[in-house]
Peer 1: 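Let me begin by handing over the structure; questions about it come next.
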Amino acid sequence: MRILAGCLAALAFAASACAQDTDAAAADVAPATADIPAGRYVLDPRHASLLWQVKHMDLSYYTARFTRFTATLDINPAEPETARLTAVIDPTSVGIDLPGETFDAELRGARYFNAASFPEITFTSTSLEMTSDTTAKVTGDLAFLGVTKPVTLDAELTGFYAEHPFSKKGALGFHAEGTFARSDFGLTTSSMIAGDEVRIIVNAEFQEKTE
Amino acid sequence: MRPALLSLVLLAAACAPVPSVDLAGAPSGAFKLDPEHGSLVFSLSHGGGLSRYVARFDRFDAALDFDPEHPEASKVEAVIEAASVSTANPPLDAALIGQANLLDAERHPQITFRSTQVTPTGPASARVTGELTLRGVSRPVTLEVVYNGGARDPLRGGKQVIGFSATGAFPRSDFGADAFVNFGVGDEVAVSIQAEFIRR
């Protein structure tokens with residue numbers, strides 16, 4: 001990640017050259033996160049994924065995703081801990097998509113996400129603690145099934161363009177993971193066979209919004 | 001404790017199968033993947049390292065000969081339907097499926113993996129090397145596999161079920177699936193597998 005941040009500052013989209021960089025080269029080129037334009041960034045939905053997992057009978061992780069979600073990020077690289085993130089997820093976009101699988105419909109239904117009563121799952125950051133130049137613990141309010149509770153994600157800036165060669169605007173890439181107890185939100189269905197802990201895995205690109 | 005509550009407690013204790021992670025005591029024999037409890041997620045670098053792009057395959061099957069007492073004798077074969085790639089962006093799915101130097105699925109509808117070597121790396125883990133065949137090109141690929149446990153599942157006919165997690169990575173250009181490698185899309189594909197197998 002640091003390899004690529006330094007590489008991108010120097011080269012325009014020469015990805016093959018970036019792949020050959022070594023950690024020794026990265027140590028000489030400090031990531032210029034200060035060059036990232038401050039302001040509002042919007043999730044690029046075509047380059048974002050939101051996976052969730054729960055343990056199934058302690059035998060495997062049941063893995064699914066949401067395919068419709070939006071997010072907005074307000075950042076000031078000079079004061080990174082003032083960053084604010086809001087995200088909205090459409091629970092009807094849940095997808096396991098396995099053959100013969102009708103479970104997606106059950107997940108949307110009253111015993112699980114109850115999407116008819118709760119058409120949005122939202123996350124609104126409340127605080128951010130930088131743990132390195134490019135990593136942070138992001139704590140926010142998760143509003144899920146009518147309950148709002150704090151959840152913390154470990155986030156990493158995986159790459160950035162201060163000026164993307166195509167859009168000429170800032171672009172940011174993140175990886176974030178976190179866990180929460182679904183029972184905290186009243187979701188205890190199938191607790192005999194499906195774990196309480198939900199693991200969230202986000203990979204997302206954001207584009208600077210400049211109007 | 002009131003009788004109704006006591007019986008609920010006993011019922012809960014009775015119907016939660018307690019999985020075992022002791023490989024030595026694990027069930028052995030011929031197993032088939034449970035397609036409703038498996039996932040095949042892959043990712044690669046996107047945008048010149050901006051982020052990881054994550055997608056999956058939705059249709060796959062596998063057969064496992066599992067010998068927990070001699071894990072190195074175990075064998076696994078998997079078949080993945082190339083056209084089941086799912087990025088949640090249908091035009092992109094079509095491009096991945098159709099392009100000759102990507103999945104080339106019309107000419108090569110199946111991706112297969114056949115293990116050739118299993119080397120234990122711990123009490124419940126092993127390195128599994130096998131031949132991956134993608135676009136009709138075969139190359140060795142190695143997975144790090146963890147045995148999560150086994151249990152009899154009353155919801156699956158009382159059969160023995162065992163579960164695994166596995167990760168691995170390979171350069172797609174080794175298989176000729178090298179589109180966009182010079183345009184910011186990574187060569188290395190990382191795979192993340194979850195799989196439960198039911199004893200036949």
Side-chain angles (χ1 to χ4, degrees), chain A residues 1 3-5 7-8 11-19 21 44-51 53 55-68 93 95-101 103 157-161 164-166 171-175 191-193 201-206, chain B residues 11-12 15-21 34-41 43 45-56 58-61 81 84 86-89 91-92 147-151 153 155-156 161-165 180-188 192-197:
Chain A
M1 161 268 309
I3 296 166
L4 295 159
C7 175
L8 290 168
L11 300 163
F13 227 98
S16 52
C18 289
D21 272 342
D44 174 1
R46 287 189 309 117
H47 297 107
S49 62
L50 175 49
L51 268 58
Q53 293 183 311
K55 262 197 176 161
H56 176 251
M57 286 179 62
D58 281 342
L59 296 180
S60 71
Y61 277 98
Y62 200 67
T63 306
R65 67 188 179 192
F66 292 105
T67 57
R68 282 189 298 278
S93 74
I96 309 270
D97 291 339
L98 293 176
E101 183 67 64
F103 200 55
L157 178 70
T158 49
F160 68 90
Y161 286 98
H164 191 283
F166 298 154
L172 309 174
F174 293 97
H175 173 89
S191 55
M192 269 185 354
I193 57 170
I201 305 165
V202 182
N203 286 280
E205 292 179 14
F206 285 74
Chain B
L11 181 66
C15 60
V18 177
S20 161
V21 287
D34 176 0
E36 292 191 358
H37 295 100
S39 76
L40 176 48
V41 172
S43 68
S45 176
H46 173 263
L50 194 53
S51 75
R52 288 206 73 78
Y53 189 81
V54 181
R56 65 188 194 200
D58 285 347
R59 288 187 296 281
F60 41 85
D61 198 359
E81 193 182 315
S84 75
S86 177
T87 63
N89 178 355
L92 180 56
Y147 171 73
N148 296 319
D153 189 358
L155 296 177
R156 284 178 278 187
V161 183
I162 54 180
F164 299 87
S165 307
F180 308 120
V181 160
N182 291 327
F183 290 92
V185 182
D187 189 18
E188 188 176 86
S192 178
I193 296 161
Q194 301 288 326
E196 291 181 22
F197 288 82

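Residue numbers begin at 1 in each chain, while the letters A, B, ... track the order of the sequences.
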Peer 1: Answer with side chain, backbone, both or neither: which region of A:Ser60 has an atom nearer than 4.5 Å to a non-hydrogen atom of chain B?
Peer 2: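 Both backbone and side chain of A:Ser60 come within 4.5 Å of chain B.
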Peer 1: Compare all side-chain heavy atoms of B:Phe197 with those of B:Val161 and state whether any distance is below 4.5 angstrom.
Peer 2: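 No, every pair of side-chain atoms sits at 4.5 Å or beyond.
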Peer 1: Where does B:Ser51 contact chain A at under 4.5 Å (heavy atoms): side chain, backbone, both or neither?
Peer 2: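 It is both, since atoms from each part get that close.
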Peer 1: Looking at B:Gly47, is its backbone amide N or carbonyl O close enough to the side chain of A:Tyr161 to form a donor-acceptor pair, meaning the two atoms are under 3.5 Å apart?
Peer 2: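 Here the side-chain-to-backbone pair exists.
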Peer 1: Looking only at side chains, do A:His56 and B:Gln194 share a donor and an acceptor under 3.5 Å apart?
Peer 2: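 On atom types as modelled, these side chains do not qualify, holding no pair under 3.5 Å.
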Peer 1: Looking at B:Glu196, B:Arg56, B:Arg52, which has the largest count of heavy-atom pairs under 4.5 Å with chain A?
Peer 2: B:Arg56
Peer 1: Between B:Leu92 and chain A, with a heavy-atom cut-off of 4.5 Å, which part of the residue counts as in contact: side chain, backbone, both or neither?
Peer 2: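 Contact with chain A: none, neither part.
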Peer 1: Measure up the A:His47 and B:Tyr53 rings against each other and bin them: parallel (under 30°), tilted (30 to 60°), perpendicular (over 60°).
Peer 2: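 Perpendicular.
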Peer 1: Does any heavy atom of chain B fall under 4.5 Å from the side chain of A:Arg68, the backbone, both, or neither of them?
Peer 2: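 The answer is neither part of A:Arg68.
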Peer 1: How would you list, by chain and number, every residue that makes a side-chain contact (heavy atoms from CB on, under 4.5 Å) with A:Ala204, sequence neighbours excluded?
Peer 2: A:Leu43, A:Ala48, A:Val202, A:Phe206
Peer 1: Can you tell which of A:Thr67, A:Thr63, A:Ile201 has the highest number of heavy-atom pairs within less than 4.5 Å of chain B?
Peer 2: A:Thr63
Peer 1: Is it the case that the side chain of A:Ser93 and the backbone of A:Phe66 share a donor-acceptor pair, with hydrogens and angles ignored and the cut-off at 3.5 Å?
Peer 2: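 A pair under 3.5 Å: no.
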Peer 1: I'd like to know which of B:Ser39, B:Ser43, B:Ser86 tops the heavy-atom pair count under 4.5 Å against chain A.
Peer 2: B:Ser86
Peer 1: Is it the backbone or the side chain of B:Thr87 that comes under 4.5 Å from a heavy atom of chain A, or both, or neither?
Peer 2: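 The backbone, not the side chain.
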Peer 1: Based on non-hydrogen pairs under 4.5 Å, which of A:Arg65, A:Gln53, A:Glu205 is most in contact with chain B?
Peer 2: A:Arg65
Peer 1: Nearest heavy-atom pair of B:Asn148 and B:Phe164: which atoms, and what distance?
Peer 2: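 Looks like ND2-C, 3.3 Å.
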